[in-house]
Amino acid sequence: MYKYTIKRILLMIPTLIGAGLLVFMLMRMIPGDVCEIRLGGTGLMVDKEQIDICREGLGLNQSMAKQFYDFAIGMVTLNFGDSMWTGRPVTEEISVRFQLTLQIAIMATLTAVIIALPFGVISAIRQNTWVDYCIRLFSIAGIATPSFWLGIMIILGLLIVSQHLFGEPWMMPIQFTPIWVDPWANLSQTIWPAVAVGYRYAAVVVRMTRSAMLEVLREDYVRTARAKGLFEKVIVNQHALKNALLPVITLVGIEFAFLIGGLVVTEQVFNLNGLGKLFVDAVLDHDFTLTQALVMMVVSVFVVVNLLVDLLYAWVDPRIHYS
Amino acid sequence: MSAAEDMVEEDSLAEAEPLLRVEGLKMHFPVTDGLFLKHTVGLVKAVDGVSFTIAPGETLGLVGESGCGKTTVGRCILRLEQPTAGKVIFSGVDIAGMKTSEMSDLRQDVQVIFQDPFSSLNPRMKIGSIISEAMRVHGIIKDATERRERVSELLRICGLNPRFADRYPHEMSGGQRQRVGIARALSVNPKFIVCDEAVSALDVSIQAQIINLLEDLQKQFNFSYLFIAHDLSVVRHLCHRVAVMYLGKIVELADCDELFDNPKHPYTRALLSAVPVPDPEIEAARSHQILEGEVPSPINPPSGCVFHPRCPQAIETCKRDIPELQEFTPGHMLACPVVPRE
Amino acid sequence: MGLPGGWSLENLLEISDLTTEFDTSDGVVRAVGGISYTVGLGETVAIVGESGCGKSVGAMSILRLIPEPPGRIAKGQALFEGRDLLKMSNAEIRDVRGRDIAMVFQEPMTSLNPVLSVGRQLTETLLRHTDMNEQKAKERALDLLRQVGISDPARRLTQFPHHLSGGMRQRVMIAMALCCEPKLIIADEPTTALDVTIQAQILELMRDLSKRLGVAQLIITHNLGVVARYADRVNVMYAGKIVETGTAKEIYHNPSHPYTLGLLASVPRLDQPRGTALIPIEGQPPDLARLDDGCAFRPRCRFATERCGHEIPELETVTGDHKSACWHYETLVQQNGTAA
Amino acid sequence: MAVNETYIGIQDEPLQDRGWGAVAIDLIRRQPLGAAGGLIVILMIFAAVFAEQIDMYDPEVNDFGAMLQAPSLDHIFGTDEFGRDIYSRIVHGARTAMLVGFTAAILGSTIGLLIGVTSAYFGGWVDNIVQRVVDVLIAFPSIILALAIVIILGRGVGPVIVAITIPLIPNCARVVRSSALAIREIPYVDAARAMGFGHVRIVLRHISPNIMAPYLIMLTTFLGQAILAEASLSYLGLGVQEPTPAWGLMLKSGAEEYAESAPWAVIFPGIAISLAVFGFNLFGDAMRDVLDPKLRDR
Amino acid sequence: MKPKTLKMLVGTTAAALLLAANVATAETPKRGGTLNFVVGSKIPSMDGHMEGTFGMIHPIRPFYSTLIRVNPENPSSTTDFVCDVCSSFSSSDDGKTHTFAIRKDIKFHDGTPLTAADVKATYDKLVFPPEGILSLRKKFFSMVETITTPDKYTLVMKLKYPSPTFIPSVAMPFNFIYAKKDLDTHGYKWHQKNVNGTGAFSFVEHQPGAFVSGKRYDGYHHKGKPYLDGYKAISAPKMAVRLQAIRGNRAAIEFRGFPPKARDDLVKALGDKITVQEGDWNCSLLVTPNHKAKPFDDKRVRRALSLAVDRWSGSKALSKIAIVKTVGGVVFPSHPLAANKDELTKIPGFWTDIKKSRDEARRLLKEAGHSNLSFTLLNRAVDQPYRILGVWLIDQWRQIGVKVTQNAVPTGPWVDSLRKKKDYQVAIDANCQSIVNPIVDVSKYLGSASNNYAQYTDEPMEKMHAAMSRSGDPAEQRKIMRDFETRLYGEEAHIIPTLWWYKINPHRSYVKGWKIAPSHYLNQHLDQVWLDQ
């Protein structure tokens, strides 16, 4: 187990190097230039001279090799540099957003798991009954609904419904308050995106839980458990679910990691100042330092979550005997 | 066929130049570790120094329990595995050291029939293409019409209606598929066929059909078979000579009836004793020697004679000395120093 | 052994006209087509047949372990100590399972739950059916493991199935079956997946335990040798029906159904010299979805006559308990007699 | 027994092919949701193919006399801010959606299939390198990858397809690889090797066709994902370009500006997207049940 | 020195349209409250001298003062400038020397008193930046020769030549006055991340990407102001969010502008809780043909493209769905230098008879041999108004048989293509300026201008512009401007105009004292804003 963990940690290195190379090259292939966008994008008169001053200040006139070397050294020494757009340290830019994104990701995961596990299990045990059909329709609808559309509808629905009820339209706060500062303000903002994201997330997990349960329920050991006269409840909750959880854990892990860097659209809809929005902005602004740092961070989160999932997997499933 | 005829046949076989000679065959699978530069931390000695010969027209039975390495021996001969050491001399040529590219011709001389009739045929291909593919690819028969005729003929030889050529494997029963597997092997006109548990997955009534077919084909085409099986009854029925394997080594090798009627090695004896005979009266009369314990792991095999931990006759030296396979009586090879000479 | 000629109170289990069907895309498949047999107290009864003949389905139907849907027990009775298992409520049958009737399955690799410890899987049966506490159950489990010949049982209790070899797992399965001292163990191909030496160990163990504890056994197998060695009575199944039933000796020495006869002739035997001719049964087993109202064995039968094409033969007494479902068993017995 | 002339199975009646009707009825009975999905898929493809025949107006022509009209007999789904007929745009949008969806899904899963099979078949360092690349692509945030690609490649449907396809490839490659690893161990592959066939033949003829189950399941999943991805890119302003009729584009502008004053401009494109993805997923689920109950999601 | 309001250009000040009866000047301002407003952009660095976006102006401008500014009481005027940190300003008769008297009662938020030295340091940074220091406004001050401080509270700027563009340039809202002490001790980049101004509000917090907040600066030099206790500028790049935020009262106002439908939705939902201010916007949307790309080197083709566009009916239709409205020439419509309708309709492309116009367009295309012209229109992937106008233009051109595909790309590639690669065929661009300063504003149309991407050289136009820039006579300026306009849009069709933008600011009615200006950059110091709550 110990050796396996070390091995898995070492395996992250090529992934991180690969991701670094990829983002470095991608960013430089995108047409445009942070100085041109920032200074020329407004349509105001901007001289070449001013642009050059800006580029020089950001080190953009250096050779690719030098830029990559600086980037690589920066990554290794955990010195991520300053955002090319705001001039603030990248770590500061990211840490401000991380908290919000993490909270939404956790809340969405909780929402999803709370909905998905019972629904998935019920759907599997009642396979091909109307209950199963309803749950499946509900879950496929979740996958089929564009998340931004759902978000806009939630906001609009709240505005219209609250206006009918209270005479004054209510909207969720559009600026983040940390949960320890004002839990109520925090939750009244984050609960909606968490629901909007959680629905799709739950839908995916319901499907996975259902199919994993169906598969497990067909296994011989479930038949053995039945032949022992165990109660159906025990068979489902202890014998089947524990086995069915394995793929579900993987999925939840991947989805969670995805939420850290992928809440792009939802964050726009709910005006959440999170990593997803920052990410899109950084790419569109050609903010090399910020994009690179973000990619490295999101990829790191992904591989770390994957590692944790695998270790959890090993913990749940004694068959996976890492030695 | 009378027993006397059999004897004559076997005598002549023994003197003939062997078609296949396996010498000191070893197949060690490395247990690797490491990330990018793998290094070996252990060896699974699946096959550890196996030697035997097979004459043209002869069937050698290779028996043993699961994990004893019998299947790996077959795979080495087929060059589905690259043996670690030893020679596999087929028709005078050592194929163990050959490059894959040089193998092409030899591939056609050595064919295989697999155990599982449900997985040994590509489910996406029609029976006709399964059988004709090799003839087409290797240019054995270039003309499509001729090829179709040949497929029909092969199907007929294997006891199948030529109409089956247009069916898919899943439309057939297990026995029929196994016949297709045989027809496929025959399509390249091999001299030697490895039957890897070729009848174990079949029901009794079907099994007998296939056994008879294999026998008939051998008579007709003078194939040699390496008949790998765990079912001793089938082996006894079908093979001229039988080798018993235990944990990567041959422990006993003898003519079929000699081995079954007069087993020497304690393992062979236990094995035979464990096989029930479908006759309650005989069973009631037999003594059942139950072997204790289980086959040890091939990664860390016991010292000395690998069988000694389970051997009822083991003595102190068995823990130390690795017994050689030696001629015990003429034609009867044995790897056990404990068995008293009569 | 049951009294000749009918059901008796000594019979632990009386199956009559058990019929199990499956809905498939090819239509309704009658996997078990009305079978009747009995298992006496302490008796070992074998059901033998080739794959797909319905022997496993028949056995699982007794404890209603057939997945429903697509399966369905269409009719029949399964009287266990006089109570019809098929008419019990779900709660009642659950009480019977594991306590009065235990099962041992074919694949020891997959029949144990991989994520639960051996101890947990053993004790949960005890906790379910007896009023033992955890501690007692654990002691009992230890004892059981010892009984089935597992070394170092205390350590095994904490291990998981993947730590054990196939033979060990099957021993655990047997220990599990013995937990509540059942009156009947149904063993579905208990040794098929095992090597011969291990098979011998397991069968010997089962016979031993059965004798010692007086447990009746219903062994489902395709291996005629195993049947010959261990069974008191044998039921031969073909295409969902019992075609012959009798004592092992009767069946092997005086087969009265062409199928039984064919089976015995086609199996290679260890005690016969090389080259002894095998006489296979020609053709293939029938497709259960396409059975007609004739004898299912008819197409492969050398005794078949026109009558076999439209009348399904019922089991008829040959001698005593020995019955055969063949219109021509008399001819067959005669021929056989002369042959032997 | 001699090799006789009584062939096994000659007495079998030939396996009769059940008619398509029977198959369809059977499907509806066993997989009612799947059948519904299939129907939706057929409907979408029909709309895509016969858009010109079933539209009512030119989907690109502005009519400022008919801006943002509610559904009526003239415009059954109403009009958008340029007075364009929403029904006609949805019908033509089906073509864009099917084009994007099918191309991206087929390309993504096919390239993934080849990569996965090759990687599994050859193993060793080939597998090692491919797996590392796949790791990177899977770990890389896919929407950002798509975003970057679409910006690099620029205008039109093509770049959008490429941008949507590339993040799909590694997912398929990974699933296919694990299936192929299993298939590599199946005896018919050994049989093919024993026959002396070359690698290419074994990969293309013996392994790949037998990964059709996971392949087809990935394909149907990808279809839905691609359509949704196009909508997401449109929301970020990077999808298919105006004035091309495309659902994501219509939904985006409708949802952003006219959700309340002209709800039809957002409802109908929204329904079109959801219905299509819904249909593909229902169909895919049914296919999963039929083809391989063991195949995992994603 | 007598304080006076500078009127360089005399003319009627056409007030912007004020729809709702708002800004009742009779009302007495109430003190207190916090103003929440949404900003449709990110907040980049906080240094006004190096930024050009309203994303910086809206949240940061209230921290700072400028030397002079647009009259907050009359922001829609294009010519009304008043003192901010000065007490008066005057210019010499030859127009080359401008003298500013600096107020003596001003303190920076950190307590440092403001003197002329601070203003000089600020303008030195703007006009003569040291090497490696960005000053986006340097070009505007190319006429400045020297900046001196004869005494502690007097600032003199000497020009190389008299220029009508100088005073408007000084009034630009980006010219934050920094403390000399800060520049000296912290360097020229300190203001990117730090704030120390003399504005109505002092800095409280900047949460990157989220908001900037400020609180009342009690030492503000315009006595009695500001009325607000503080404000919070919340970043909300999505238009829908900004709209919903006002509707749900998470924000009271948005200062850039909403599309017409958003205004209608708000008014419909909230009735008189919403007040709407509207007016022409000093931005116009242009079509820029690349003169180096065939066939757009042919002026017949360019003219055809212009003639095909029906601006008059487009104005009616698009003003319902996009932030554009007024048909106008090169000069901001209500400015004295702007063309009147008679003058305008004479220019090809502005003809009222669209059929005649399109027939001419088809004729020109045929003559040029490009009857089946098709090209790709480079657009900016921004909804309002770029995307909407793009769709409209494509449909307009379709009507003369020209097939156009659109390539709407994010700002980065758009700028890259326009400024660097110059690989486009026809592009949509905008001329968007802060202070209405027509002669500077139209400099974008000079072939030599750095923000002119059409790649043409037109000597006569350069000469006309030079003449305007140095002319002291408004009538002459106006005349030259007509020739300039006719040549640019009509004869040469270097650039194809569409419509002027139209600024619509619906806001919560309790927001008082803020008046719409012709630019979203102007009048954002918030010192006169109060809340009626």
Side-chain angles (χ1 to χ4, degrees), chain B residues 35-36 75 78-80 100 103-108 110-116 118-125 129-130 133-134 137-138 155-164 166-167 169 171-173 175-176 179 181 184-185 187-188 194 196 206 208-209 212-213 215-217 219-220, chain D residues 1-18 113 117 121-129 131-132 135 179 182-213 215-216 290-292:
Chain B
L35 289 175
F36 314 111
R75 292 177 67 84
L78 288 161
R79 276 299 304 279
L80 295 175
T100 324
M103 285 292 298
S104 184
D105 291 340
L106 273 159
R107 288 266 191 224
Q108 297 168 28
V110 184
Q111 272 308 311
V112 58
I113 300 165
F114 290 101
Q115 165 178 16
D116 186 351
F118 289 89
S119 61
S120 59
L121 304 181
N122 186 339
R124 301 281 156 181
M125 288 169 80
S129 342
I130 289 174
E133 189 182 18
V137 173
H138 295 312
L155 284 171
R156 227 174 282 128
I157 289 173
C158 295
L160 290 171
N161 189 321
R163 285 208 320 252
F164 275 115
D166 292 327
R167 290 200 181 175
E171 297 170 327
M172 309 175 79
S173 69
Q176 290 166 340
R179 289 171 190 265
R184 172 178 59 190
S187 70
V188 291
V194 175
D196 189 356
I206 309 299
Q209 295 173 1
N212 286 351
L213 175 64
E215 285 185 321
D216 291 337
L217 291 172
K219 264 185 229 141
Q220 207 175 338
Chain D
M1 180 190 82
V3 176
N4 63 16
E5 292 296 315
T6 47
Y7 314 121
I8 306 304
I10 195 156
Q11 68 271 44
D12 290 5
E13 69 262 51
L15 266 115
Q16 71 229 42
D17 274 326
R18 289 181 304 153
L113 175 85
V117 171
Y121 178 74
F122 288 104
W125 62 268
V126 176
D127 187 39
N128 231 326
I129 289 175
Q131 284 317 299
R132 294 290 80 76
D135 276 352
S179 296
I183 285 180
R184 194 177 66 152
E185 303 303 321
I186 294 182
Y188 60 76
V189 175
D190 279 339
R193 289 175 63 199
M195 284 288 174
F197 296 151
H199 296 313
V200 176
R201 167 164 286 268
I202 292 175
V203 166
L204 290 183
R205 188 105 170 90
H206 292 267
I207 298 183
S208 300
N210 289 295
I211 302 175
M212 281 302 127
Y215 171 80
L216 287 175
V290 172
L291 288 177
D292 187 359

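Predicted model, so just to flag it, every value in this text is computed and none were measured. By convention in this document, chain letters (A, B, ...) are assigned in the order of the sequence lines, proteins followed by strands, and residues within each chain are numbered from 1.
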Note to self: Just so I know, are the side chains of B/Arg124 and D/Arg205 near enough to count as touching, which here means a heavy-atom distance under 4.5 Å?
What the structure shows: no
Check: Do B/Met125 and D/Pro209 have side chains that get closer than 4.5 Å, going by heavy atoms?
Finding: no
Next item on the list: Could you tell me which residues satisfy side chain to side chain donor-acceptor pair (under 3.5 Å) with B/Arg75, sequence neighbours excluded, listed by chain and number?
Entry: B/Glu81, D/Asp190
If I compare all heavy atoms of [X] with all of [Y], which pair ends up nearest, and what's the gap?
| X | Y | answer |
| --- | --- | --- |
| D/Ala194 | B/Leu80 | N-CD2, 4.0 Å |
| B/Ser119 | D/Pro187 | OG-CD, 3.3 Å |
| D/Tyr188 | B/Pro123 | CE2-CD, 3.4 Å |

Checklist line | Contact class of B/Gln115 relative to chain D, heavy atoms under 4.5 angstrom | finding: neither
Checklist line | B/Asn122 CG to D/Ile207 CD1 distance, which is reported to the nearest 0.5 Å | finding: 9.5 Å
Notebook entry, point to check: Listed by chain and number, what are the side chain to side chain contact (heavy atoms under 4.5 Å, CB included) partners of D/Val203, not counting sequence neighbours?
Noted result: D/Val117, D/Tyr121, D/Ser208
